[in-house]
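All remarks here apply to the structure that follows.
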Amino acid sequence: MKQRVSALLREKFGREVVLEKPRDRSFGHFATPIAFSMAKELRESPMKIAEELASSFNESDFFSSVDSVKGYLNFRLSENFLSDYAAWALDNPDDFAKQEKNERILLEFVSANPTGPLHIGHARGAVYGDTLYRLARHLGYDITAEYYVNDAGNQIDLLGLSIQLYGRENILKESVEYPESYYRGDYLAPLAKNAVEKFGKEILSDDSRQKELALWAKDGVMEIIKNDLADTKVFFDTFVYESSLYADWDRVMAKMGEGVYEKEGKLFIASSQKGDDSDRVVVREDGRPTYLAGDIVYHNQKFERGYDHYINIWGADHHGYIARVKAAVEFLGYESSKLEVQLSQMVSLLKDGEPYKMSKRAGNVILMSDIVEEIGSDALRFIFASKKSDTALEFDISEFKKQDSSNPIFYIQYAHARIKTILSKSDLSEDEIMSATLKNLDDNADMLMFDALLLPEIIEDAFSSRQVQKLPEYLKSLAASLHKFYYDCRIIGTEDEAKLLKLLMVVGLSLRTGLSLMGITAKDYMTKEED
RNA sequence: GCGCUCUUAGCUCAGCUGGAUAGAGCAAUGCCCUUCUAAGGCAUCGGUCACACGUUCGAAUCGUGUAGGGCGCACCA
């Protein structure tokens with residue numbers, strides 16, 4: 001809708017036109033301050049220019065009116081256009097707001113180490129990534145969701161050690177001395193138990209078998225992680241294991257050419273040539289690769305698979321890492337501008353105004369699964385999708401357990417349920433409703449329909465700006481419009497019943513489509529949960 | 001010290017391709033059920049958009065600087 005207006009005006013005026021929402025709804029559907037920018041060149045007052053521009057529009061199928069107010073041009077779309085569009089959407093609900101983008105995108109997110117269950121910080125990246133993924137799919141991008149599994153490196157040895165320690169204390173009943181860093185948490189119990197069954201008790205006490213133990217255990221941990229993700233409806237198309245990439249090591253290093261060099265027995269990447277602060281070690285003196293080494297081979301593999309664009313979602317504490325990975329991509333001979341890194345910031349949780357207690361049994365972290373259990377997947381997804389991912393966020397989970405309008409997810413669901421309820425109470429048949437015409441609506445109804453039809457451009461905007469929160473913001477305001485309309489306007493039993501029900505169906509379609517893009521299923525009726 | 005980032009109502013956050021009176025929820029104070037779920041609606045209260053300077057017809061939005069917070073600055077992942 002907006003694209004069409006924008007294209008039309010661009011053609012008419014021969015320049016890009018900034019379109020915005022009018023300050024006051026009575027001004028119309030769209031507005032532009034174009035007269036202000038033209039004023040300087042034309043040496044005329046903005047008001048006069050706006051008036052001339054406005055009068056240059058004829059009555060058309062597209063605009064019912066174009067007015068100038070204080071230098072702004074305000075456009076009102078014709079009801080023919082709006083009603084045709086709404087009717088088309090209802091006839092093709094699965095195609096509503098869809099597009100066919102011709103671009104292949106690789107989206108990598110979560111990629112938490114396979115050493116334990118996901119915690120609340122991972123959850124934010126997971127929700128952000130999955131929402132982007134759903135938006136992109138809806139827009140017709142060929143997008144792949146990928147999880148990079150760091151199953152090589154120290155953290156894997158540490159996993160082996162941690163299982164041993166747990167097993168020795170809890171199965172062998174030894175008294176063990178814990179080192180400074182190790183993993184802890186209840187998830188180790190079944191791993192230790194199963195390890196003993198599979199390998200025998202000896203494996204718990206043999207330092208040389210830590211890696212063997214860990215490489216076996218990591219699959220079990222990945223299952224835990226996949227379950228955590230599935231509980232919030234986050235799914236991946238592909239999993240790439242770091243350990244599988246090193247077979248390509250020599251070839252990739254050759255490809256790096258002069259991007260890598262040896263010094264003091266170590267291998268460095270000359271990333272400082274590409275804007276990084278200093279060169280980085282890739283392989284240590286003892287031959288063990290660093291974390292960066294894995295990312296070099298991984299990104300080489302990504303680019304060899306030939307996508308048009310790459311999006312990585314990383315925890316914000318990795319931001320210093322962007323420069324070196326981009327440097328590697330450049331040395332490998334690819335355009336680093338194709339690699340986009342989105343950061344996901346820290347989350348702090350409150351409960352009833354107090355800091356949320358980390359659980360000892362979970363290993364002093366806040367487990368994603370605990371929060372999902374407490375407030376549900378829908379609320380969790382809604383919260384994380386509602387806030388800009390790259391700013392720190394603090395929220396109180398008790399707010400999202402309430403069953404009233406203060407809880408935005410509830411508020412939106414209730415709007416959808418209200419629509420369904422009215423539809424079910426009407427005596428009109430679906431044919432009678434669908435054959436009604438959406439014309440001669442009063443201002444309130446017209447605006448409600450217009451709001452509902454804005455979904456396509458919200459989706460487009462939310463994805464292309466990577467600002468996922470625009471979708472829940474929109475849904476909240478659409479729900480508010482619906483609740484207000486519901487209060488103001490009696491529907492059943494009026495002569496406009498069929499028309500208004502059809503209007504509500506359009507609103508319902510937008511709410512439902514928007515929610516599903518957030519991984520939330522719209523409810524058809526609300527049931528009150530007792531505490 | 002260097003780099004990135006943030007600072008908007010008492011609280012949690014939107015708004016940022018520069019544009020018409022800076023928005024929402026919570027909190028506070030009122031009002032509206034013989035009406036399709038009041039699980040809702042309406043209203044009031046509340047802001048030097050951290051501060052300063054600059055660019056501009058116009059700045060919460062862009063630039064520079066200052067202050068304060070967060071993160072990073074590993075041969076850890």
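Just so it is clear, the values below take in all heavy atoms, side chains as well, and ignore hydrogens, waters and symmetry mates. Protein chains get the first letters and strands the later ones, always in sequence-line order, with residue 1 at the start of each.
Across all strands shown, A:Ala39 has no heavy atoms under 4.0 Å from either base or sugar-phosphate atoms. In this structure, A:Asn74 reaches the bases: a heavy-atom distance under 4.0 Å links it to at least one base atom across the strands shown. Among the protein residues, A:Ser386 comes within range of no part of the nucleic acid, since none of its heavy atoms lies under 4.0 Å from any strand.
Counting only Watson-Crick or G-U wobble pairs whose defining distances are both under 3.5 Å, the stems of 3 or more consecutive pairs in RNA chain B are B:1-7 with B:67-73, B:10-13 with B:23-26, B:28-32 with B:40-44, B:50-54 with B:62-66.
Going from atom CE of A:Met38 over to atom P of B:U56 covers 22 Å, rounded to whole Å. The distance from atom CZ of A:Phe400 to atom P of B:C26 is 12 Å, rounded to the nearest whole Å. Whole-Å rounding puts the A:Ile383 CD1 to B:A14 P distance at 13 Å. Rounded to whole Å, atom C1' of B:U37 lies 14 Å from atom OH of A:Tyr525. Taking atom CG of A:Leu482 as the reference point, atom C1' of B:U37 lies 13 Å away to the nearest angstrom. Distance A:Tyr487 OH to B:G40 P: 13 Å, rounded to the nearest Å.
When the nucleotides B:C26, B:U12, B:G40 are ranked by their closest atom to the side chain of A:Tyr414, B:G40 comes out on top. Distances were taken from every side-chain heavy atom of A:His483 (C-beta onward) to each of B:G40, B:C13, B:C71; the shortest belongs to B:G40. Closest to the side chain of A:Tyr486, from the set B:A38, B:A20, B:A77, is B:A38. Distances were taken from every side-chain heavy atom of A:His318 (C-beta onward) to each of B:U37, B:A77, B:C26; the shortest belongs to B:A77. When the nucleotides B:C71, B:G25, B:G40 are ranked by their closest atom to the side chain of A:Asp317, B:C71 comes out on top. The nucleotide whose nearest atom lies closest to any side-chain atom of A:Lys484 is, among B:G41, B:U37, B:U17, B:G41. Checked against B:A38, B:A77, B:C13, the side chain of A:Arg418 finds its nearest nucleotide in B:A38. When the nucleotides B:A74, B:U17, B:A20 are ranked by their closest atom to the side chain of A:Arg280, B:A74 comes out on top. You'll find that the side chain of A:Ser406 is closest to B:C26, out of B:C26, B:C57, B:U37.
Here A:Tyr147 pairs with nothing under the side-chain hydrogen bond (donor to acceptor under 3.5 Å, both in side chains) rule; sequence neighbours left out. The side-chain hydrogen bond (donor to acceptor under 3.5 Å, both in side chains) check on A:Lys302 picks up A:Glu108, A:Asn312, with sequence neighbours excluded. A:Asp461 pairs by the side-chain hydrogen bond (donor to acceptor under 3.5 Å, both in side chains) definition with A:Lys470, not counting sequence neighbours. Here A:Met434 pairs with A:Leu90, A:Asp91, A:Glu430, A:Met505 under the side-chain contact (heavy atoms from CB on, under 4.5 Å) rule; sequence neighbours left out. By the side-chain hydrogen bond (donor to acceptor under 3.5 Å, both in side chains) test, A:Thr32 pairs with no residue at all, sequence neighbours left out. Residues passing the side-chain contact (heavy atoms from CB on, under 4.5 Å) test with A:Lys351, sequence neighbours excluded: A:Tyr356, A:Glu374, A:Ile397.
The residues A:Glu51 and A:Lys48 are annotated as not salt-bridged, no charged nitrogen and carboxylate oxygen being separated by less than 4.0 angstrom. At a threshold of 4.0 Å, the pair A:Asp286-A:Arg288 counts as salt-bridged, since one of the basic side-chain nitrogens sits closer than that to a carboxylate oxygen.
Shown here, B:C33 is classed syn by the O4'-C1'-N9-C4 or O4'-C1'-N1-C2 angle, which is within 90° of 0.
Note on A:Tyr411: a side-chain N or O is less than 4.0 Å away from OP1 or OP2 of B:G41. Proximity of A:Asn113 to the phosphate of B:A77: no side-chain N or O atom is located under 4.0 Å from OP1 or OP2.
For the residue pair A:Asn150 and A:Glu242, a side-chain donor N or O sits within less than 3.5 Å of a side-chain acceptor on the partner. Side chains of A:Thr494 and A:Asp496: a donor-acceptor N/O pair is absent below 3.5 angstrom, by distance only.
In A:Met253, the CE atom is crowded: over 12 heavy atoms of neighbouring residues, nucleotides or ligands sit closer than 6.0 Å.
Evaluation of A:Phe27 against the base of B:A20 yields a stacking contact (centre distance < 5.5 Å, interplanar angle < 30°).
Sorted by first and then second residue, the pairs that involve residues 265-291 of chain A and meet ring pair (Phe, Tyr, Trp, His ring centres under 6.0 Å), not counting sequence neighbours, are A:Tyr261-A:Phe268, A:Tyr291-A:Tyr321.
Note: A:Phe57 and A:Phe13 have perpendicular aromatic rings, judged against thresholds of 30 and 60 degrees for the angle between ring planes. Aromatic ring pairs are classed by plane angle as parallel below 30°, tilted from 30° to 60° and perpendicular above 60°; the pair A:Trp314 and A:His299 is perpendicular. The aromatic rings of A:Phe63 and A:Phe75 sit tilted relative to each other, their planes meeting at an angle between 30° and 60°.
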Counting primed atoms plus P, OP1 and OP2 as sugar-phosphate and everything else as base, spell out the protein contacts along nucleotides 1-7 of chain B at 4.0 Å heavy-atom distance: B, S or - for each nucleotide, 5' to 3'.
--BB-S-

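RNA chain B lies under 4.0 Å from at least one heavy atom of each of the following residues of residues 454-473 of chain A: A:Gln469, A:Glu473. RNA chain B is contacted by no residue of residues 498-511 of chain A, taking any non-hydrogen atom closer than 4.0 Å.
Between the C1' atoms of B:U55 and B:A77, the separation comes to 45 Å (whole Å).
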Please report, to 0.1 Å, the donor-acceptor pairs under 3.5 Å made by any side chain of residues 386-393 of chain A, with sequence neighbours excluded.
from, atom 1, to, atom 2, distance (Å)
A:Ser386, OG, A:Phe382, O, 2.5
A:Ser389, OG, A:Leu343, O, 3.3
A:Thr391, OG1, A:Lys388, O, 3.3

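Between the side chain of A:Asp404 and the base of B:A38 there is no donor-acceptor pair of N/O atoms closer than 3.5 Å.
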